[in-house]
There are 2 protein chains.
Amino acid sequence: MTLKELAAELGVSTASVSNAFNRPDQLSPKLRERILSEAKRLGYRGPDAKARSLRTGRSRIIAVVLAESLTYSLNDAVASELLSGVAEVLDAHGHTLLLLSGRQDASQVPGSSSIADGYIVYGLMPSLMMLDELPQLGQRQLVAVDFDLEGYPAVHIDNEPASYAIASHALRTSARRPGVINLRLTKHPCNARISPDQELLPADRTITRSRLVGFHRAFAEHGIDPASVPMWNVEENTFEVCAPVIETILDLPDDERPDLLLCMSDRIALTVLTLAEQRGLRIPDDLRLTGFDGIAEGQYRSPRLTTVRQDSVEKGRIAARMILGLAPREDRQLPTELILGETCP
Amino acid sequence: MTLKELAAELGVSTASVSNAFNRPDQLSPKLRERILSEAKRLGYRGPDAKARSLRTGRSRIIAVVLAESLTYSLNDAVASELLSGVAEVLDAHGHTLLLLSGRQDASQVPGSSSIADGYIVYGLMPSLMMLDELPQLGQRQLVAVDFDLEGYPAVHIDNEPASYAIASHALRTSARRPGVINLRLTKHPCNARISPDQELLPADRTITRSRLVGFHRAFAEHGIDPASVPMWNVEENTFEVCAPVIETILDLPDDERPDLLLCMSDRIALTVLTLAEQRGLRIPDDLRLTGFDGIAEGQYRSPRLTTVRQDSVEKGRIAARMILGLAPREDRQLPTELILGETCP
DNA sequence: GGCCCTAACTAAATCGATACAGTACTGTCC
DNA sequence: GGACAGTACTGTATCGATTTAGTTAGGGCC
């Protein structure tokens, strides 16, 4: 049963039926009442959302594009918090949430999935790596979270000061050989140690890169040549992808293995923790460890993770408000908090 | 730039442009190539999803309707696992995932959100309580998870045997005064102790109710009159909603307070645990406790929760396959596993 | 009574695609 | 050379609504 059929049944125009549902002031209460009750009786369940969205151009759907697979993201504390912040705002304003994975065919995102009224893109994803293709996105509504995209507003935290703070703290302890595990830092995929000639992403684009700048500042202040600090890169935050890289680090001979690992995420740090414990390494005596994010899991377990806490829920809320036009579409930077856990006291 | 404009620009029919994108076999490779490259050059980004979904009637979007708020569900381990199972299958078959909250205006779900090709409804929700209104749903694609809906396939676990098993185990310990905390069991909202004259939902409809049947069987076998066992009800799985009810239980005088609480979810059991510990009650000495679900958090902490583990990811996968027509649309029941933790050894 | 104004409603164009029925042309085969 | 098949493409109805411009009826006012 369509609006047209219902109109015919009632002997009124389609415009009146449409108005009965959308603009009560455009018709007499009496007719409106008749239309609504007949609709109910005949089982017409209101205007079809597909047709309406075509005609009006708006679907009241906002998409969140996630860097990792949906399956991973839904079980990741940080991504879940972001999503729940987004959902909170969308819900309160009558919008719904579409989940997309950035790991799908690059051409699909946010391209042909263009049912959504706007996109919140979380984290730099492989399909956006080719920064040249960006003009393709058109001026469609888009907000970037945790990375920068030229021409679009971004929401992130104060990465450089935060990473400087945690690295400074870590270096004040007796660590002599720091190492860094990065997340998607290199221009071309690399899941291993980063060699000196490898091209990195620009420092003003990715959070990982600006965190590294903070680390380097701390290194320099402690008399360590940043170029001498070994770095590894992982392409995904998952256990499967990280574990092999971490194992090559842990398998290094004692005098080459870093005695401090600065990790770009709690997830990575926790994986290091698990694998190090399996090998009988003592934390923090044999190996000091810092993370980034402040997820609950890192604070439950023993030893508690030394890390930087960020408010991912609030990031989600802000991104959602920007997309809905409830907040100015401009870059936002949120504060963080240093958590002194036991993995690097 | 629309398909029509592109066609005009190229001097071909709209049909050919459409075919270039959708049915390569319907036109010569040469023309197809020309269309695709011109499209790229002119910035046409492929057929508009809104229009396509109207015309074809399919959007490649599947909605999951969640009983609790999205904000809660996204941070709930059980719901997240279900979603990740759903996402896994949808992703593999080129569909996307729309999240809806059943707590929105009842008329909205799944009504006017009818952009989706199918609905996976998770848990009985307030808006579906009025079981009379169900015919409104039409014969739209729908799969129920963790509750039964007449006329639609449902995915759940072997609730009655599982709850019988855990209750039997618990009663073999020296518990003398069992009590039950239910989740959304009463026909009309009730967030308190259930009085004997209160109407319960039918046993073949909700998981909570069929679990209760299992409990009752165990009570009877242990010489306890099921009618004499005190029951409480909570309307939501959230801390905020559960805590007041749990506090009234814990505040009972020692000789009235149950020495065994069978909870309908791990979430509830963990809230009991937290509040009981705050009061200085010893678990399991002063109070024995069982949950239901087998979430990770219950197994990390000490004491470990005695519970029933279910595979929520698999439930999600199965529901998704049914919606996509990859699995027969018929009721499915998954097995569970009893976990003997320390809250009721 | 004539004029204007408003309220209540309608007719038809439109949103951007898809898909069916058809046309034009080329080539094959007896 | 004519019948027939196949390929490559086109014209247009259609999906189900929204919206603009326009029509009609009735009321108020001088």
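Protein chains get the first letters and strands the later ones, always in sequence-line order, with residue 1 at the start of each. Being a predicted model, the structure only gives us computed values, none of them experimental.
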Atom-to-atom span, [atom1] of [X] to [atom2] of [N] - whole angstrom:
{"X": "A/Leu27", "N": "C/dC9", "atom1": "CG", "atom2": "P", "result": "6 Å"}
{"X": "B/Arg34", "N": "D/dA8", "atom1": "CZ", "atom2": "P", "result": "15 Å"}
{"X": "B/Leu31", "N": "D/dT10", "atom1": "CG", "atom2": "C1'", "result": "12 Å"}
{"X": "B/Gln26", "N": "D/dG6", "atom1": "CD", "atom2": "P", "result": "15 Å"}
{"X": "B/Asp25", "N": "C/dA19", "atom1": "CG", "atom2": "P", "result": "12 Å"}
{"X": "A/Ile115", "N": "C/dA17", "atom1": "CD1", "atom2": "P", "result": "13 Å"}

The helix from C/dG1-D/dC30 to C/dC30-D/dG1: angle between end helix axes, five pairs per end, rounded to 10 degrees: 50°
[X]: which residues meet the side-chain contact (heavy atoms from CB on, under 4.5 Å) condition with it, sequence neighbours left out?
{"X": "A/Glu9", "answer": "A/Leu42"}
{"X": "A/Glu5", "answer": "A/Met1, A/Thr2"}
{"X": "B/Ala15", "answer": "B/Ser13"}

Side chain of A/Asn19, backbone of A/Leu27: donor and acceptor closer than 3.5 Å? no
Does any N or O in the side chain of A/Arg60 come within less than 3.5 Å of the main-chain N or O of A/His93, such that one atom is a donor and the other an acceptor? yes
Could you tell me whether B/Arg317 and B/Glu314 have a side-chain N and a carboxylate O separated by less than 4.0 Å? yes
Below 4.0 angstrom from OP1 or OP2 of D/dA8, is there any side-chain N or O of B/Ser28? no
Given C/dT10, is OP1 or OP2 found less than 4.0 Å from the side-chain N or O atoms of A/Ser16? yes
Do we see a donor-acceptor contact under 3.5 Å between the side chains of B/Arg52 and B/Asn22? yes
By the ring-ring contact (aromatic ring centres under 6.0 Å, His included) test, which pairs, at least two apart or in different chains, include something from residues 1-49 of chain A? A/Phe21-A/Tyr44
Could you tell me the separation between the NZ atom of B/Lys315 and the CG atom of B/Asp146, rounded to the nearest 0.5 Å? 3.0 Å
A correct 5'-to-3' footprint of nucleotides 12-24 of chain D, with B, S and - meaning base, sugar-phosphate only and no protein heavy atom under 4.0 Å, is BBBBBBBBB----
